[in-house]
There are 2 protein chains.
Amino acid sequence: MSERTQQIIEAARTLIEEGGSQSLTMRAVADRLGIRAPSLYKHFPDKLAVEAGVIAIAMDEVAVALATASSLSELATAYRAYAIEHPHIYRLMNSGPLPRHLLPAGVEDRAALPLVRAAGGDENVARAIWAFAHGMVILELDGRFPPGADLDAAWRTGLAAFGDPVQH
Amino acid sequence: MSERTQQIIEAARTLIEEGGSQSLTMRAVADRLGIRAPSLYKHFPDKLAVEAGVIAIAMDEVAVALATASSLSELATAYRAYAIEHPHIYRLMNSGPLPRHLLPAGVEDRAALPLVRAAGGDENVARAIWAFAHGMVILELDGRFPPGADLDAAWRTGLAAFGDPVQH
DNA sequence: GTCTATAGGACGATAGAC
DNA sequence: GTCTATCGTCCTATAGAC
């Protein structure tokens, strides 16, 4: 992967962090690098490929962020923390259609692995917990809970239901 | 509410059902009614107001669809069924920023009421179950579960965790 | 690998006549 | 309440020179 290629993905990532997926345009990426938009097409076939590059990086980051969690509640805390620190990236990575064919093999699985382990290898439990965690995060990011709602309490309630020993 | 106003919302709704939110354009709405786009602005101040009209209708529909459920698993079944029958409308209603100031008072609460009741009035339980259900639905709609995943089983696992008596 | 020029299109919204 | 005309803006992507 050439240096320019990496710079392009970096610039794309920064744009998304700052203004959401909608701020990712080929012109804006080029501006950030001090070149013209058409030049980008010497490095990437199209915009979707750039986006996929950002998603791949983000999934690796999540895998790392979750790797050291040693309990379900630590996992949940780390998951939520990543989402709140990088709301636009989280959305890009976890909403809408995923361009799987443009992603390096195994990236998606690596991000999911810590959760599968925490679920004791039970796929159904892992999927149910994933749904709960993603639901909590995305509803929070989208401002869907009532103002003043105690989300920590909702998280604890859900995690307890899934067998996490409650912390005091 | 004038007839034209209702026709506009109906047309907008149909466009979204057919092609997602992205297919909702003032031009397309006008085309469907056999008029020109600028005429719409005599009935709605802007596009967001049209969108809000569709959301309000959809929330009422959900309230009705969930009203007759008499157990948590019936509620979940009805919730998932609505989402799968109207995936684009579900997304419009439950993703991204909600234009609350353009929605009739109480609509959001009415849609949420059946779930709050099923949770025995416990806000934290209601929010956790909502997050789980929304997570399951949106991950399914977005094709995020592995192909062949047994989603019925994941639903049962989650609902059981939240205290639903398992059905056989 | 960069550039200029441009194709080719979409969109929301306004002005002003009727 | 509808129309025509149009403004202003933004976008992805290609062709071809250097």
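The sequence lines fix the lettering, A, B, ..., with proteins before strands; numbering per chain opens at 1. Because the structure is a prediction, the values reported are computed rather than measured.
Scanning both residues, Gly135(A) and His134(B), for their nearest heavy atoms gives CA-CD2, 4.5 Å. The minimum heavy-atom distance linking Asn94(A) with Asp142(B) is given by the pair O-OD2, 4.3 Å. Nearest approach of Ile84(B) to Pro87(B), heavy atoms of both residues: O-CD, 3.4 Å.
Listed pair Arg36(A) / dT4(C) meets the phosphate criterion, a side-chain N or O lying under 4.0 Å from OP1 or OP2. OP1 and OP2 of dG1(C) both lie 4.0 Å or more from every side-chain N or O belonging to Ser39(A). Of the side-chain N and O atoms in Thr25(A), one or more sit less than 4.0 angstrom from OP1 or OP2 of dC11(D).
Residue Lys47(B) has its side chain nearest to dA13(C) when only dT2(D), dT2(C), dA13(C) are considered. For Pro38(B), the side-chain atoms get nearest to dA15(C) when compared with the rest of dA15(C), dC11(C), dA13(D).
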Run the numbers on Thr157(A) and Glu123(B) for side-chain contact (heavy atoms from CB on, under 4.5 Å), then give the verdict.
CA-CA 10 Å; Thr157(A) 299; Glu123(B) 290 178 328; over 6 Å; no

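Using a 4.0 Å heavy-atom distance criterion, Arg27(A) is classed as a base contact.
Spacing between atom CD of Gln22(B) and atom P of dC11(D) amounts to 16 Å, rounded to whole angstrom units. Look at CG on Leu40(A): it is 14 Å from P on dT4(C), rounded to the nearest Å. Distance His43(A) NE2 to dA13(D) C1': 16 Å, rounded to the nearest Å. A straight line from CD of Glu51(A) to P of dC11(D) spans 14 Å, rounded to a whole angstrom. Counting to the nearest Å, the P atom of dC3(D) and the OH atom of Tyr41(B) are 14 Å from each other. As rounded to whole Å, 15 Å separates atom C1' of dC11(C) from atom CG of Leu15(B). The separation between Phe44(A) atom CZ and dG1(C) atom C1' is 14 Å, rounded to whole Å. Distance Asp46(A) CG to dC11(D) P: 17 Å, rounded to the nearest Å.
Proximity of Glu51(A) to Phe44(A): side-chain heavy atoms (C-beta onward) are nowhere separated by under 4.5 Å.
Across the interface with DNA chain D, nearest-nucleotide mapping of Met26(A) and Lys42(A) shows Met26(A) to be the residue nearer the 5′ end.
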